[in-house]
Amino acid sequence: MPEPLPPIRLPARFVPLSALATGEVGAPAMPVSAAHPLPCRDQPFTDVRELAPDVPVAPGSAMLVDCSSAGLASFTLAGGSTLTLTLSPGLTMLPMAVVGLAGADLTADLTAWVLD
């Protein structure tokens with residue numbers, strides 16, 4: 001019979017990979033099972049839309065960026081704020097609801113998509 005999982009402590013040093021640290025401080029950790037799965041996104045992304053400079057788009061669940069040359073890119077988020085990122089070559093997925101890419105501030109060579 002397996003040993004019981006350790007109680008949740010604050011701050012926790014670690015939680016065994018077979019347990020979820022949810023609940024009240026001092027409560028026992030719950031074993032991972034069908035009734036208590038690991039927290040994750042329930043549904044996979046099912047659609048993709050290109051994000052072109054200065055072309056507004058409806059926000060999605062995430063953004064995928066394929067950068068071929070390093071530089072800056074300014075993204076407008078669904079709430080209206082702007083985030084300027086320094087991108088390096090490679091593929092990056094960011095969990096942001098993006099509605100625009102500013103062409104004036106774009107120094108990175110990239111292709112970007114909104115994921116739904």
Side-chain angles (χ1 to χ4, degrees):
M1 181 168 180
E3 294 184 26
L5 297 171
I8 299 170
R9 300 198 191 289
L10 191 59
R13 290 189 175 176
F14 85 101
V15 175
L17 294 178
S18 62
L20 291 177
T22 59
E24 299 295 320
V25 174
M30 295 184 288
V32 174
S33 67
H36 303 285
L38 287 171
C40 65
R41 180 171 160 74
D42 292 334
Q43 299 294 321
F45 297 115
T46 58
D47 202 9
V48 62
R49 295 174 279 126
E50 186 171 357
L51 181 60
D54 301 319
V55 178
V57 296
S61 299
M63 174 181 61
L64 186 66
V65 179
D66 186 4
C67 180
S68 57
S69 178
L72 298 174
S74 294
F75 300 97
T76 303
L77 303 179
S81 60
T82 301
L83 178 64
T84 301
L85 299 175
T86 302
L87 300 172
S88 58
L91 189 64
T92 305
M93 187 169 75
L94 300 167
M96 300 187 312
V98 173
V99 295
L101 169 62
D105 300 330
L106 186 61
T107 61
D109 186 15
L110 61 88
T111 304
W113 302 271
V114 172
L115 304 175
D116 296 309

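Counting begins at 1 with the first residue of the sequence.
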Task: Transitive ILVMFWY cluster of L51, excluding itself - 4.5 Å side-chain cut-off - done: V57, M63, V65, F75, L77, L83, L85, L87, L94, M96, V98, L101, L106, L110, V114

Open item on the list: For a quick test of reading the model, state the closest non-hydrogen atom pair linking P59 to A97 and the distance between them.
Closed with: CB-CB, 3.9 Å

TODO: Identify the heavy atoms of S69 and C67 that sit nearest to each other, and give their distance.
DONE: O-SG, 3.2 Å

TODO: Evaluate the criterion side chain to side chain donor-acceptor pair (under 3.5 Å) for residue pair T111 and D66; output intermediate values, then yes/no.
DONE: CA-CA 5 Å; T111 304; D66 186 4; 5.7 Å; no

- [ ] Could you tell me whether the side chain of R49 and the main chain of D116 form a donor-acceptor pair under 3.5 Å?
- [x] no

Task: Minimum side-chain heavy-atom gap M93-L115 below 4.5 Å - done: yes

- [ ] Give every residue pair that meets the side chain to side chain donor-acceptor pair (under 3.5 Å) criterion with at least one member in residues 84-98, sequence neighbours excluded.
- [x] S74-T84

Open item on the list: Quick one, L91 and L64 - any side-chain contact, counting heavy atoms below 4.5 Å?
Closed with: yes

